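Input: a single structure, listed below in C-alpha cells.
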Amino acid sequence: MIVLTLGLVIFLGQSLLAQNPFLPPTAFIPDGEPHVFGYKGEQRLFIYGSRDEIVSDYCGYGHDVWSAPVDDLTKWTNHGEVFNVKQVWDIGYGKREDANFGAPDCVYNPITKKYYLYTFFLKDYKMDGKEGPLPGSDGAIPGYCDLGPLCFMAESDSPTGPFTNPVVCDWPPASEGGTFDPSVLVDEQEDGSVKVYAFWGKKKGDRWAQIDPEDMHTIIDPVTGKKQSNRRTKITPREVVYKTLNNPVMNKYSTVFEASSIKKVAEGKYVFVYSPNMSSLTNDRYPALAYCYSNSPEGPWTYGGIIVDNGKNWDYGNNHGSIAKVNGQWYVVYHKSTSNSYNRQAMIEPIEIRIEGEKVVIPEVEMSSQGIYSNGLDAFKRYNINTICYKSDEIKIAGSQRNPDGLNPLVGITGENAIVGIKYLNFGEKEIEDRDQLNFRMNAMMISPGASVTLWVVPKTDFNDETKRIKLGTFELSRFMSADGKYHDIRLPIVGLDDNKLLNDVGGLKGTMGVLISFIGSVDGKEICRIKEYEFAKGNTPTPNPLHAITIKGSVKNGQISTIPTKARAGESVKVIVEPQTGYEFKSIQVQGKRNKKLSINKNGDAPYAPQSFNFEMPDGDVDVVVKMGSEQ
C-alpha cells in the first residue's frame with residue numbers, strides 16, 4: 001500500500017487568513033480547478049474558476065485567476081481578469097449580450113511551453129450570421145444540431161494570463177448540454193513526449209477524446225492516430241469520441257451530472273472527479289464530488305466514492321472542483337452556496353489519497369470552516385460569518401448583497417430551531433478558566449427586541465450528536481444593543497466555565513471544538529437578528545486581525561479608481577482598478593501605509609477587455625491609494 005498523504009496539518013503559526021471560504025470574502029469564485037505551476041521563480045497553487053458576478057444567474061462574463069505560494073496557502077493573490085467573452089465574440093461566436101462563461105480549466109504543455117485555458121458558453125446561440133457564423137460559411141464550425149459550438153481554448157505564456165488567440169474546440173457534444181465543463185490532462189510520457197486528453201459533458205453526456213499535443217484542441221482520430229484533417233471544413237464525427245463512464249458495473253451505475261475533472265495522482269494512476277446524478281446505490285447526488293479511478297486516462301473507470309458533499313446541513317446546490325497535490329499534501333477544492341446557487345465561494349479541505357493495489361482510495365471529508373487546517377481555526381481571531389458551514393434550512397449568507405467590504409450578513413434567522421455551526425475552532429492547549437474573562441464578540445443587528453442567542457461547544461468527534469452539545473451561556477441581546485436597525489459590536493461574557501460539569505467531563509474548554517449559535521425570539525416569523533463577524537477574546541484584548549480601511553486619496557480627476565475590497569484584513573489581496581476617461585491615460589500609482597510607508601504593488605496582466613488593474617497585500621493598518629492620470633500623448 002502506498003500512502004500519498006497523511007492528511008494532517010499542524011495548528012501552528014496560523015496566518016490571519018486561514019479559513020473557509022479561503023479567498024477574501026468579496027471573491028465569489030466557484031468551480032475551482034487547482035493546478036500547481038511555476039511563476040516568478042516559485043511554485044504556486046493556481047485556482048481557475050467561474051466568476052459569479054451576475055448575482056441572479058450562474059457565473060459571469062470573464063475569468064479571474066488567483067494563486068498562493070505552495071508553502072503558504074493563506075496568502076492568495078488576485079491576478080485579475082485573464083479572459084473575457086468579448087474575445088470569443090471577436091472571432092464571430094456566441095454574440096449574445098447575455099453570453100456568460102461556465103467553468104474553465106487550465107493546463108501547461110512542456111513541449112509548447114504554453115498555458116492553455118479551456119472554457120465554454122453557458123447559453124446557446126444561433127448560427128445565423130449574427131450570434132454565430134452562417135452554416136457553411138468559410139471556417140464556420142457548428143455545435144449541437146443548428147446551434148453554435150460552446151467550448152473554446154485560448155493560450156498564454158504565463159499562468160496569470162492574459163489568455164489570447166481563442167479557437168473553437170470542435171468536440172462533439174452528446175446532447176443539447178453541449179461541450180459542458182471541459183477538463184484537460186497533459187500526460188507526460190517516459191520518452192519526454194506528451195499525450196493530451198479532453199473530458200466534457202453533462203447529464204450522462206460525459207465524453208472524452210485524445211487531442212493533438214501541438215495545437216491542444218484538435219481531436220486525434222483513434223483509428224488513424226492522426227488529428228482530424230481539414231477541421232474547418234470537415235466536422236469531427238461523433239464516433240471519434242468516447243463515453244467516459246461506460247461500464248455500469250465497474251462504475252456502480254454512477255453517472256455524470258456535470259463538473260468533469262481529470263487528474264493524474266501517481267504513475268499509472270488516474271482519477272476522474274465529477275458531480276454525480278442521484279443514485280441510491282452509491283448515495284451519489286450533485287452537491288457531492290464523486291470520483292472514479294483507472295490505470296489509464298482512457299479508462300475503464302472504477303467507482304471510488306464521494307470526496308466531499310457541500311449539501312450536508314447546507315443548502316442543496318451544485319458542486320464543482322477537483323484535487324491537487326501541494327507540498328506533499330493533497331487537497332480538494334470545491335464551492336458552497338451563499339444566498340443561492342448563483343453566489344458561490346471557493347472552499348478547500350486537506351484529503352488523503354491511498355494506493356491500495358489497483359485501488360485509489362480517497363476517504364470522504366466534511367465541509368469545514370477551517371480550510372487547509374485539520375486542528376481548527378485560531379479561536380482568538382475575528383472571522384466573517386460566512387465561515388459557518390452548518391445551518392438550519394431558513395438561514396443564509398446574504399452573498400447576493402455583495403457588500404464592498406465583504407461583510408455579507410447572516411440573514412433569515414427565524415423560528416425556534418434556528419442554529420448555525422462553525423467547524424472548528426482551536427482554543428489552545430491550556431484549558432480556559434473563568435479568570436481568563438472569556439467573551440464572545442459579534443458584529444450584529446437585533447431585529448426582534450426579545451431575541452436571545454445561546455452559545456454551545458461540542459467535541460469535534462461529536463459535532464453531529466445534539467446530546468453532546470455543551471451550553472456556554474444564553475444572552476438576551478437587548479442587554480447589549482437596541483433594535484435600531486444598525487450593526488453593533490457587542491461582547492457576550494462567558495462565565496461559569498470552572499463549574500460547567502459537562503465541559504469539565506470532556507477536559508474543559510481547550511483544543512479543537514465545534515461551536516454553535518442558536519437563536520430564540522422570533523415574533524410572527526420575523527427575523528431575530530443578523531450577524532456579520534464573530535470572535536472569541538480574553539478580557540479586553542483587542543482584535544488581532546480587524547478590518548482596515550482602504551482610502552482613495554484626494555479627488556481623482558480624469559478617471560475612476562476603485563478597490564476590491566474597500567476594507568481588508570492584514571494579508572488579504574486587494575485589487576485596484578484604474579479606468580481613465582477618454583483622452584486620458586494612467587500615469588502612476590502609490591499605496592501608502594502607516595507613516596506614509598510605500599507598499600509594494602504589482603501590475604496585473606493586460607487582458608484585452610479588462611480595465612487596467614494592480615494588486616497589493618494589505619498591511620496591518622489603514623492604507624491610502626494615490627493614482628495620477630494624464631492626457632494621452
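Bear in mind the structure is a predicted one, so any value in this text is a computation, not a measurement. Any value given below was found using the heavy atoms of this structure, including those in side chains, with hydrogens, waters and symmetry copies removed.
No salt bridge links K202 with D181; every basic N to acidic carboxylate O contact stays at or beyond 4.0 Å. Using a cutoff of 4.0 Å between basic side-chain nitrogens and carboxylate oxygens, E358 and K269 are scored as salt-bridged. A salt bridge does not link K203 with D206: none of the charged nitrogens is closer than 4.0 Å to a carboxylate oxygen. The pair K227-D215 meets the salt-bridge criterion, since a charged nitrogen lies less than 4.0 angstrom from a carboxylate oxygen. Taking the charged nitrogens against the carboxylate oxygens, D187 and K264 do have a contact shorter than 4.0 Å, which makes a salt bridge. Salt bridge annotation for D64-R51: present, with a cationic side-chain nitrogen under 4.0 angstrom from a carboxylate oxygen. Electrostatic pairing of K75 and E572 does not count as a salt bridge here, judged by no charged N lying under 4.0 Å from a carboxylate O. In this structure, K195 does not pair ionically with E188, as no charged nitrogen and carboxylate oxygen lie closer than 4.0 Å.
A 4.5 Å side-chain heavy-atom check between R96 and F121 finds every atom pair outside the cut-off. Between Y48 and H63 there is no side-chain heavy-atom pair separated by less than 4.5 Å. Inter-residue side-chain proximity for Y331 and E349 is flagged as unmet; no heavy-atom pair is nearer than 4.5 Å. Residues T302 and N251 fail the side-chain proximity criterion, which asks for heavy atoms closer than 4.5 Å. In this structure, N310 and H335 have side chains that are in contact, with non-hydrogen atoms separated by less than 4.5 Å. Inter-residue side-chain proximity for M153 and L117 is flagged as unmet; no heavy-atom pair is nearer than 4.5 Å. With a 4.5 Å cut-off on side-chain heavy atoms, Y293 and Y270 do not count as touching. Using a 4.5 Å heavy-atom cutoff, the side chains of H79 and W66 are not in contact.
Using modelled atom types, one side-chain atom of N109 and one backbone atom of P213 make a donor-acceptor pair closer than 3.5 Å. No donor-acceptor pair under 3.5 Å is formed between the side chain of N615 and the backbone N or O of T77. Here the side chain of D221 pairs no donor or acceptor atom with the backbone of K226 at under 3.5 angstrom. Panel note: side chain N277, backbone V256; a donor-acceptor pair is recorded below 3.5 Å. Under a 3.5 Å cut-off, the side chain of D606 and the backbone N or O of Q612 do not form any donor-acceptor pair. No donor-acceptor pair under 3.5 Å is formed between the side chain of W200 and the backbone N or O of R207. Using a distance-only test at 3.5 Å, with no hydrogens or angles considered, no donor-acceptor pair links the side chain of N84 to the main chain of Q87. Between the side chain of S294 and the backbone N or O of P300 there is at least one donor-acceptor pair closer than 3.5 Å.
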Problem set entry | side-chain hydrogen bond (donor to acceptor under 3.5 Å, both in side chains) evaluation trace for N20 with Y373 | CA-CA 10 Å; N20 260 336; Y373 292 96; over 6 Å; no
Exercise. When you look at I577 and I564, which way does the side-chain contact (heavy atoms from CB on, under 4.5 Å) test go after all the steps?
Worked result: CA-CA 8 Å; I577 302 167; I564 302 175; 3.8 Å; yes
For this session: Report the C-alpha separation of E42 and K40 in whole Å, then their side-chain angles, then the decisive distance to 0.1 Å, and conclude whether the salt bridge (charged side-chain N to carboxylate O under 4.0 Å, His left out) test is met.
Result: CA-CA 6 Å; E42 67 176 352; K40 293 187 175 181; over 6 Å; no
For this session: Apply salt bridge (charged side-chain N to carboxylate O under 4.0 Å, His left out) to the pair K312 and E364, showing each step before the final yes or no.
Result: CA-CA 12 Å; K312 293 183 176 179; E364 182 177 351; 2.9 Å; yes
Exercise. Taking it one step at a time, do R402 and N343 satisfy side-chain contact (heavy atoms from CB on, under 4.5 Å)?
Worked result: CA-CA 9 Å; R402 300 299 175 92; N343 297 273; 2.7 Å; yes
Problem set entry | Derivation and outcome, salt bridge (charged side-chain N to carboxylate O under 4.0 Å, His left out), residues D57 and K123 | CA-CA 11 Å; D57 196 359; K123 292 183 174 67; 2.9 Å; yes
For this session: Could you please spell out the steps behind the side-chain contact (heavy atoms from CB on, under 4.5 Å) verdict for I351 and I323?
Result: CA-CA 9 Å; I351 61 173; I323 59 176; 3.7 Å; yes
For this session: Begin with the C-alpha distance, continue with both residues' side-chain angles, and end with the deciding distance and a verdict on side-chain hydrogen bond (donor to acceptor under 3.5 Å, both in side chains) for D31 and S50.
Result: CA-CA 6 Å; D31 307 327; S50 302; 2.5 Å; yes
Exercise. Where do W171 and F199 land on the side-chain contact (heavy atoms from CB on, under 4.5 Å) test, with the steps shown first?
Worked result: CA-CA 9 Å; W171 303 346; F199 291 73; over 6 Å; no
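The minimum heavy-atom distance between S322 and L289, with the atom names listed, is N-CD1, 4.4 Å. Looking at every heavy atom in both residues, K263 comes nearest to P34 through NZ-O, 3.0 Å. For the pair I91 and P166, the tightest heavy-atom approach, listed with the atom from each and the gap, is CD1-O, 3.6 Å. Closest approach of P133 and G92 over heavy atoms only: CD-O, 3.2 Å. Closest approach of S337 and R344 over heavy atoms only: CA-CG, 4.1 Å. When every heavy atom of S400 is checked against every heavy atom of S339, the shortest pair comes out as N-OG, 3.1 Å.
To the nearest 0.5 Å, atom CG of residue N246 and atom CH2 of residue W208 are 9.0 Å apart. To the nearest 0.5 angstrom, C59 atom SG is 9.5 Å from E53 atom CD. Of the inter-residue distances, the one linking Q210 atom CD with Y197 atom OH reads 4.5 Å to the nearest 0.5 angstrom.
Both tests do not hold together for K252 against Y303: distance to the six-membered ring centre under 6.0 Å, angle to the ring axis within 45°.
Looking at residues two or more places apart in sequence or on another chain, you find a salt bridge (Lys or Arg N to Asp or Glu O under 4.0 Å) between R285 and D309.
In this structure, Y316 and Y286 have perpendicular ring planes: the angle between them is above 60°, well past the 30° mark. F37 and F46 have tilted rings, their planes meeting at an angle from 30° to 60° on a 0 to 90° scale.
Ring centroid separation for the pair Y291 and F272 does not come in under the 6.0 Å cut-off. F83 and F101 have their aromatic ring centers within a separation under 6.0 angstrom. Ring centroid separation for the pair F120 and F180 comes in under the 6.0 Å cut-off.
S254 and Y274 form a side-chain donor-acceptor contact under 3.5 Å, judged by distance and modelled atom types alone.
Taking a 6.0 Å sphere around CD of Q43, one finds it holds more than 12 heavy atoms contributed by other residues, nucleotides or ligands.
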